[in-house]
Colleague: 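My questions will all concern the structure given below.
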Protein chains: 2
Amino acid sequence: MLALAVLSALVERPMHPYEMATILRERGKDDDMEIKWGSLYTVVRNLAKHALIEPAEVGRDGRRPERTVYRITTTGHDELVDWVRELIAMPGPEHPRFRAGLSVLSVLHPGNATALLRERLARLDDGVIAARAALEQYGREVPRLFLAESEYDLAIRVAEAAWIRSLLAEIDLGTYPGLDVWRAFHEENP
Amino acid sequence: MLALAVLSALVERPMHPYEMATILRERGKDDDMEIKWGSLYTVVRNLAKHALIEPAEVGRDGRRPERTVYRITTTGHDELVDWVRELIAMPGPEHPRFRAGLSVLSVLHPGNATALLRERLARLDDGVIAARAALEQYGREVPRLFLAESEYDLAIRVAEAAWIRSLLAEIDLGTYPGLDVWRAFHEENP
DNA sequence: ACCGTATTACTCGCGCGCGAGTATTCGCAA
DNA sequence: TTGCGAATACTCGCGCGCGAGTAATACGGT
């Protein structure tokens with residue numbers, strides 16, 4: 001994944017690793033994908049080994065340690081495009097933590113579960129407000145195309161909130177089937 | 001994560017590791033969370049070391065190698081509940097692969113991008129149909145409570161599909177801002 | 001009776017991810 | 001002008017995740 005970020009950074013211009021890190025952090029790429037900066041130099045070396053990028057020049061700035069500036073190769077560019085194609089076209093199996101939580105929801109007392117769901121809902125709503133504000137802000141500085149990930153993220157959060165709301169509604173109205181069994185189980189087992 | 005699954009399995013009754021694997025696979029827990037079965041015995045040993053589970057009996061079935069049956073401890077149960085609480089109440093930062101893809105969407109020609117988005121949309125819709133069918137099926141065998149994760153998953157997929165549809169609509173109608181710049185860039189750079 | 005394949009039930013080592021550390025330089029305040 | 005924190009630019013080793021392997025038994029076919 002970090003490799004994807006590196007390649008995408010090198011598309012606009014050649015860079016040395018530390019500069020990539022700076023740029024990518026500025027653009028908030030570490031919100032879009034899980035990035036461990038400790039792996040940066042390893043990843044860069046690997047990309048170079050597979051000839052997806054190549055050293056362009058080895059500069060020295062004053063007395064600083066020498067920096068190797070990398071450029072993306074044609075193979076690298078092709079690989080990048082293929083990679084993105086797959087990420088876009090193929091819905092892979094995702095594993096959000098919330099889903100894992102839901103899959104063991106039954107270990108909680110229903111009363112507790114609903115309270116926690118309401119808590120998540122509140123945080124989610126806050127997040128949505130914040131995200132909308134941030135989007136409106138960035139929307140004036142950056143072309144819309146570069147905000148697609150954030151717009152997507154926002155849409156998903158809204159959907160999650162809506163789903164939780166509908167679940168809570170069913171439970172509150174008592175129309176959720178098996179609710180009594182669920183509650184009974186937790187009140188019998190101390 | 002696998003630890004979560006193990007604990008949740010041991011809540012209903014004591015078990016030996018291989019049995020956990022069987023049960024968890026049957027229940028499709030490996031759809032809910034990323035599970036590497038190679039780590040099962042390591043994880044179980046760790047849980048035991050931290051006293052979240054403990055050996056209950058060491059049985060031997062015929063000439064088979066001896067199997068250690070584990071039971072969950074009180075500490076283990078508390079830890080499990082705390083863990084689930086956090087998973088439910090705290091929306092953590094998620095990193096779906098699609099989001100990473102979107103964040104570098106600009107490396108594709110817009111025509112290509114829309115084609116790939118349409119492809120994803122198709123696959124997504126198929127998935128939704130299948131998931132709905134599966135849910136209706138399981139709905140007769142299993143209490144609704146144990147399908148929450150799948151219902152959630154379905155809702156999110158539907159939302160993703162809707163978002164993609166609205167994005168495609170904007171692009172098709174030409175109302176997506178910066179579309180011409182995007183196309184121009186890719187047609188100038190060979 | 002014989003063989004092959006599936007299932008049960010685990011073990012283990014190697015690979016590499018990445019947190020924590022390092023060394024140098026720059027900026028700025030007193 | 002000296003000192004000190006932030007920024008620059010990397011390196012490295014240890015930890016452990018997990019794929020690939022193992023070995024024994026059960027089962028089904030002929």
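Chain letters run A, B, ... following the sequence lines, proteins first and then strands; every chain starts at 1.
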Colleague: Just the atom pairs and distances: protein N or O near nucleotides 13-22 of chain D's N or O, under 3.5 Å.
Modeller:
residue : atom : partner : partner atom : Å
D:dG19  : O6   : B:Gly38 : O            : 3.3

Colleague: Below the 4.0 Å mark, does D:dC10 have OP1 or OP2 next to a side-chain nitrogen or oxygen of A:His16?
Modeller: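 It does, given that an N or O in the side chain of A:His16 lies less than 4.0 Å from OP1 or OP2 of D:dC10.
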
Colleague: What's the closest nucleotide to the B:Arg67 side chain, out of C:dC10, D:dA9, C:dT11?
Modeller: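 Selected nucleotide: C:dC10.
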
Colleague: Counting only side-chain N and O atoms of A:Tyr18, is one of them less than 4.0 Å from OP1 or OP2 of D:dT8?
Modeller: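 For A:Tyr18, the contact criterion (side-chain N or O under 4.0 Å from OP1 or OP2 of D:dT8) is met.
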
Colleague: According to salt bridge (charged side-chain N to carboxylate O under 4.0 Å, His left out), who are the partners of B:Arg123, at least two apart in sequence or on a separate chain?
Modeller: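 Residues passing salt bridge (charged side-chain N to carboxylate O under 4.0 Å, His left out) with B:Arg123: B:Glu119.
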
Colleague: How about B:Arg97: does its CZ atom have over 12 heavy atoms from other parts shown lying under 6.0 Å from it?
Modeller: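 Open.
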
Colleague: Under 6.0 Å from the ring centre and within 45 degrees of the ring axis: does the NZ or CZ of B:Arg144 meet both conditions for the six-membered ring of A:Trp182?
Modeller: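 Ring-cation test returns no.
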
Colleague: How long is the line joining CE of A:Met15 and P of D:dA9, in whole Å?
Modeller: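 Value for this atom pair: 13 Å.
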
Colleague: B:Arg45 CZ to C:dC12 P: how many Å, rounded?
Modeller: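 Nearest whole value for this atom pair: 9 Å.
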
Colleague: Hey, is CD on A:Glu141 packed in by over 12 heavy atoms from elsewhere, all under 6.0 Å?
Modeller: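 Yes.
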
Colleague: For B:Tyr41 and C:dC10, is the shortest distance between a side-chain N/O and OP1 or OP2 below 4.0 Å?
Modeller: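 Answer is yes, contact under 4.0 Å.
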
Colleague: May I ask you to say whether B:Lys29 pairs ionically with B:Glu34, meaning some side-chain N is under 4.0 Å from a carboxylate O?
Modeller: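 Here B:Lys29 does not pair with B:Glu34 in a salt bridge, since their nearest N and O are not under 4.0 Å apart.
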
Colleague: Just to verify, which of A:Arg120, A:Arg165, A:Arg157 counts as forming a salt bridge (charged side-chain N to carboxylate O under 4.0 Å, His left out) with A:Asp125?
Modeller: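 By the salt bridge (charged side-chain N to carboxylate O under 4.0 Å, His left out) criterion, A:Asp125 pairs with just one of A:Arg120, A:Arg165, A:Arg157: A:Arg165.
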
